[in-house]
Amino acid sequence: MLAELISPWFRAQARDLPWRRPETTPWGVLVSEFMLQQTPVARVEPVWLDWMARWPAPSALAAAPRADVLRAWGKLGYPRRAVRLHDAAAAIAEQHADTVPSDVDALEALPGVGSYTARAVAAFGYARRTPVVDTNVRRVVARAVHGQGDAGPARVKADLADVDALLPVGDAEAAVVSAGLMELGAVVCTARSPRCPLCPVEHACAWVTAGRPAYDGPRRPVQGFAGTDRQVRGKLMDVLRTALGPVERAALDAVWSDAGQRDRCLDSLLVDGLAEQTDDGRFALPA
DNA sequence: CAATCGTGGCG
DNA sequence: TCGCCAAGATT
């Protein structure tokens with residue numbers, strides 16, 4: 001029911017995102033999915049284009065120094081994703097003959113690849129029928145199927161089953177519906193002020209039928225940022241990324257006044273493989 | 001399960 | 001201005 005409405009809408013209205021172009025390889029899809037984890041499309045686009053030009057295959061990325069990878073990641077945020085993608089590329093090059101797996105279980109075994117990313121790569125990289133459940137899809141299902149104003153806390157198995165029930169039988173067509181569900185949530189069925197008059201599902205939507213009741217369930221508390229370790233780590237990484245070579249400890253000390261927090265964050269960056277200490281005691285991105 | 005992990009734009 | 005958010009994964 002919903003699928004028949006979403007599919008033609010998506011074919012006609014889908015944004016022309018670079019990783020959706022027909023020449024994009026599964027590797028390109030995988031890279032896009034890593035970058036899009038918690039990061040808006042607009043910020044990902046230029047970085048993805050740069051990465052595809054530099055590292056068109058997993059083996060190419062795997063051969064790059066980690067410092068180059070982290071600099072190319074730029075300010076997308078959550079730089080551990082870059083480390084995991086780098087490691088995933090090495091695993092694909094060495095264990096999968098430089099070919100991104102199409103099997104969900106094999107994908108999930110890669111570093112940084114969870115339930116969502118594995119299914120997204122199978123669906124968008126290989127046109128497989130598999131439920132792809134992200135925050136957008138959960139919101140669309142909560143509204144259109146369950147008549148609720150928003151999605152509550154994730155219920156992994158039930159969410160997968162909900163989406164699976166919406167997908168048509170055929171692989172290729174199911175993959176289009178999966179992409180359409182995400183597009184709908186991203187562009188029309190948005191968290192704030194959904195554009196119901198533009199929605200292909202409006203007249204089949206349980207939430208609209210119910211009079212668009214407000215969401216009453218529990219809200220995920222919004223993460224603070226100012227003053228957190230996340231902010232401090234970000235400032236430290238910015239120094240290391242910008243520097244041409246190793247920097248003195250003084251250069252890192254300058255970004256945050258609380259020495260205890262600063263040292264703890266620097267240690268965590270070393271542990272995460274985002275920074276290293278040189279023999280002469282300075283700090284740099286890992287070679 | 002809840003906390004943690006960056007960044008910047010927008011209403 | 002500032003809270004809220006944007007295609008999650010890991011521990």
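We name chains A, B, ... by the order of the sequence lines, and we start the count at 1 in each one. We use all heavy atoms of the structure for the numbers below, so side chains are in, but hydrogens, waters and symmetry mates are not.
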Euclidean distance, atom CZ of residue R264(A) to atom P of dT4(B) [Å, nearest integer]: 10 Å
Taking any heavy-atom pair under 4.0 Å as a contact, classify R15(A): base, sugar-phosphate, or nothing. base
Atom-pair distance (OH on Y116(A); P on dA9(C)), nearest Å: 8 Å
With heavy atoms under 4.0 Å as the rule, sort V113(A) into base, sugar-phosphate or nothing. sugar-phosphate
OP1 or OP2 of dT4(B) less than 4.0 angstrom from a side-chain nitrogen or oxygen of R81(A), does that happen here? no
Grab the CE-C1' distance between M237(A) and dG8(B) for me, whole Å please. 17 Å
How is P79(A) classified with respect to the nucleic acid when contacts are heavy atoms under 4.0 Å: base, sugar-phosphate, or nothing? sugar-phosphate
With P as the reference atom in both, quote the distance from dA2(B) to dA7(C) in angstrom, rounded to an integer. 22 Å
d(CG, L240(A); P, dG6(B)) in whole Å: 13 Å
Is the closest basic N to carboxylate O distance between R128(A) and D103(A) below 4.0 Å? no
Once you apply a heavy-atom cut-off of 4.0 Å, does L269(A) come out as touching a base, just sugar-phosphate, or nothing? nothing
What contact category does F34(A) fall into here, base, sugar-phosphate, or nothing, at under 4.0 angstrom with non-hydrogen atoms? nothing
Want to settle it: does E108(A) or L17(A) sit nearer the 5' end of DNA chain C, counting the closest nucleotide to each? L17(A)
Comparing nearest nucleotides in DNA chain C, the 5'-proximal residue of the pair P111(A), S32(A) is S32(A)
For D229(A), which contact category applies under a 4.0 Å heavy-atom criterion: base, sugar-phosphate, or nothing? sugar-phosphate
Which is true for W19(A) with a 4.0 Å heavy-atom rule: it touches a base, it touches only sugar-phosphate, or it touches nothing? base
Specify the separation, in whole Å, of atom CZ of R155(A) and atom C1' of dC1(B). 16 Å
When we call it a touch if two heavy atoms are under 4.0 Å apart, what does G77(A) touch: a base, just sugar-phosphate, or nothing? base
Closer than 4.0 Å, any side-chain N/O of R233(A) to the OP1 or OP2 of dG6(B)? yes
Any donor-acceptor pair under 3.5 Å linking the side-chain atoms of R119(A) with those of S115(A)? yes
Does this structure show an ion pair linking D238(A) with R241(A), if we count only N-O contacts that are shorter than 4.0 Å? yes
Under 3.5 Å side-chain donor-acceptor pair for Y116(A) and E33(A): yes
Under 4.0 angstrom, heavy atoms only, what part of the nucleic acid is S193(A) near: base, sugar-phosphate, or nothing? nothing
In whole angstroms, how far is the C1' atom of dT10(C) from the CG atom of L85(A)? 16 Å
Could you state the CZ-P distance from R195(A) to dG11(B), rounded to the nearest angstrom? 9 Å
For R138(A), check salt bridge (Lys or Arg N to Asp or Glu O under 4.0 Å) against everything at least two apart and list the hits. D159(A)
Verify whether one side chain among Q38(A) and R81(A) offers a donor that lies under 3.5 Å from an acceptor in the other. no
Between protein and nucleotides 4-6 of chain C, what N or O pairs are separated by less than 3.5 Å?
none

Is the distance from OP1 or OP2 of dG8(B) to the nearest side-chain N or O of K75(A) less than 4.0 Å? yes
What's the CG-C1' distance between L70(A) and dG6(B), to the nearest Å? 13 Å
Looking only at atom P, what distance separates dA9(C) and dG8(B), rounded to whole Å? 23 Å
Distance from F10(A) atom CZ to L181(A) atom CG, nearest 0.5 Å? 10.0 Å
Strand DNA chain C as a dot-bracket string - pairs counted if Watson-Crick or G-U with both distances under 3.5 Å, | where the partner lies in another strand: .|||||.||||
Would you say the side chain of W256(A) lies within less than 4.5 Å of the side chain of C265(A), judging by non-hydrogen atoms? no
Nucleotide nearest F225(A) (side chain, heavy atoms from C-beta), chosen from dT10(C), dT7(B), dG8(C): dT7(B)
Is any side-chain heavy atom of C199(A) closer than 4.5 Å to a side-chain heavy atom of W9(A)? no
Joint cluster assignment, Y215(A) & V188(A), ILVMFWY side-chain distance < 4.5 Å: no
Using a cut-off of less than 4.0 Å, is there contact between a side-chain N or O of T228(A) and OP1 or OP2 of dC5(B)? no
Find out whether W51(A) and L61(A) are in side-chain contact, i.e. whether some heavy atom of one side chain is under 4.5 Å from a heavy atom of the other. yes
